[in-house]
Amino acid sequence: MLAHHVMGEVNGVKGAWGYVEGGLGRLSELLAERARGLGVDVLLNVGVRRILVKDGSVTGVELTDGRVVEARVVLSSADVKTTMLNLLDPDILSGDVRRRISNIRSIGVSAKVIGVLKELPKYSVKDADPMIGHRASALIMPSVDYVERAYRDALSGSFSREPWISINIPTVYDQSIAAPGYHVFSMFIQYAPRTLKWGPEDKARLREVVYETVEQYMPGFRDRVIFDHVLTPLDYEVDYGTVGGNIFHVDMTLDQIFTNRPMPGMSRYSTPIKGLYLCGSDAHPGGGVTGAPGRNAALTVLEDLGLVKRSRVLNLLDLLTMAIKLLRT
Ligand SMILES: Cc1cc2nc3c(=O)[nH]c(=O)nc-3n(C[C@H](O)[C@H](O)[C@H](O)COP(=O)(O)OP(=O)(O)OC[C@H]3O[C@@H](n4cnc5c(N)ncnc54)[C@H](O)[C@@H]3O)c2cc1C
């Protein structure tokens, strides 16, 4: 997951991350507005109960309110296990395919602490501008050994006693997302494995560890917090329905990327069901707010419907280019 975090670019700056003005939810709103403008019906506050299949081909979806939407193509950005194991009737896929899908590894390892600050804390940096850490995403990750220790804690079934933390205070750039004078913060924490039970006492301990770590770099941070909320992989699973609580749906490990994502034989967005496609993080090139799996899946659908020319050679070239980039970083 670490390498994946620094790949890509924003406006030609390698490894940089972008910020969406108004917060990330604004991106979804803008996409929905654009889609509606193109005549798309966007249904909110309703889920998909079942994906409907007849004679090996998709025929539509049944919604949680009982309505049926007929379709010859269904793209799912729910994770692969939800899509293939929970939303399809169990007798549709062979036992072997179901077993292979259930064996895909998806164990969430990250947590989040978000909250509100009554004033902006400052980094304690010697002989440097104390605002320096606020100009971008700041990362508490002092050494490779530090990351290794954090990882080993997770291997032994706990969360990291000294986690690596990515801190963002987006109100430094965008005051529109908080009341005047206040700041919001968002801390990405690793490692916090889904395998933990995540009872209230685990959450309370994680909160302590996070603040103790942050205080070493931004003294007085905690005193400025007027509200906070801890999100664990269990919360991601329960609140967003992602099996395993993995923010990237399935693990971004070498054996589950490129042509093995989410598993060999299902890496070109299509599935064993004709007309059913995966378009989320568990499809190549994986997680993060990139839009890339969705775009690739949409192109595959257009190709399969004969609406655009198939471009397999280009896809292979794309894969090779990405592999070379990965080896160089
Ligand atoms: C706390 C947190 C912070 C993150 N920070 C960043 C970041 O700073 N930058 C970044 O690039 N990435 C970040 N990520 C990762 C990023 O959000 C994900 O990789 C990305 O959202 C995945 O997009 P997706 O469309 O594949 O799936 P998701 O965003 O997981 O969307 C899948 C959707 O399917 C819905 N769904 C599931 N089942 C059903 C059903 N039966 N019917 C209808 N809908 C259903 C879910 O509710 C969900 O809305 C973060 C993730 C989390 C959880």
Side-chain angles (χ1 to χ4, degrees), residues 1-2 4-10 15-20 23-29 31-32 42-52 60-67 69 74-88 106 108-115 136-139 165-170 184-190 192 194 210 228-252 257 261-262 269 276-298:
M1 198 184 270
L2 281 175
H4 182 68
H5 266 162
V6 290
M7 284 185 347
E9 58 179 46
V10 174
W17 287 35
Y19 170 73
V20 179
L24 196 55
R26 187 71 196 120
L27 179 64
S28 311
E29 287 167 6
L31 288 172
V42 180
L43 306 181
L44 300 176
N45 303 316
V46 66
V48 169
R49 186 186 290 147
R50 284 166 70 217
I51 296 171
L52 306 173
V61 292
E62 180 187 305
L63 304 181
T64 45
D65 61 10
R67 276 180 291 171
V69 181
V74 170
L75 292 105
S76 173
S77 74
D79 70 280
V80 60
K81 294 187 184 186
T82 298
T83 304
M84 306 302 288
L85 303 180
N86 300 346
L87 296 179
L88 286 176
S106 45
V109 289
S110 60
K112 197 111 183 173
V113 179
I114 53 175
S137 188
L139 198 53
I165 304 176
S166 159
I167 309 173
N168 291 288
I169 305 187
V184 295
F185 69 89
S186 161
M187 298 196 275
F188 180 92
I189 297 131
Q190 209 159 296
R194 168 66 185 89
V210 167
D228 69 4
H229 184 58
V230 180
L231 283 158
T232 69
L234 178 64
D235 297 309
Y236 301 154
E237 182 161 332
V238 172
D239 294 347
Y240 312 126
T242 306
V243 175
N246 188 330
I247 64 167
F248 295 156
H249 289 188
V250 309
D251 294 4
M252 294 286 303
I257 56 174
R261 191 159 188 86
Y269 310 97
L276 177 60
Y277 295 83
L278 298 176
C279 66
S281 296
D282 30 29
H284 174 76
V289 184
T290 65
R295 180 182 184 275
N296 291 352

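All ligand and atom numbering here is 1-based and tracks the order in the structure.
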Under 3.5 Å, side-chain donor or acceptor atoms of residues 276-290 against the rest of the protein: list the pairs with distances, not counting sequence neighbours.
unit_1 : atom_1 : unit_2 : atom_2 : d
Y277   : OH     : D304   : OD2    : 2.6
D282   : OD2    : V80    : N      : 2.4
T290   : OG1    : A292   : N      : 3.0

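In terms of modelled atom types and a separation under 3.5 Å, the side chain of D239 and the main chain of Y236 share no donor-acceptor contact. The backbone N or O of V61 sits nowhere less than 3.5 Å from a side-chain atom of R49 that would complete a donor-acceptor pair.
Partners of E29 according to the salt bridge (charged side-chain N to carboxylate O under 4.0 Å, His left out) rule, which considers only residues two or more places apart in sequence or in another chain, are R26. Applying the salt bridge (charged side-chain N to carboxylate O under 4.0 Å, His left out) rule to D65 yields the partners R67; only residues at least two apart in sequence or on another chain are considered.
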Which protein N or O atoms sit under 3.5 Å from any N or O of ligand 1? Give each pair with its distance.
unit_1   : atom_1 : unit_2 : atom_2 : d
ligand 1 : 11 (O) : V289   : N      : 2.8
ligand 1 : 19 (O) : I247   : O      : 3.0
ligand 1 : 19 (O) : G288   : N      : 2.7
ligand 1 : 26 (O) : S281   : N      : 2.7
ligand 1 : 26 (O) : S281   : OG     : 2.8
ligand 1 : 27 (O) : H249   : NE2    : 3.1
ligand 1 : 30 (O) : H249   : NE2    : 2.8
ligand 1 : 41 (N) : V48    : O      : 2.9
ligand 1 : 42 (N) : V48    : N      : 2.8

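Atom CG of L44 and atom OG of S28 lie 10.0 Å apart (nearest 0.5 Å).
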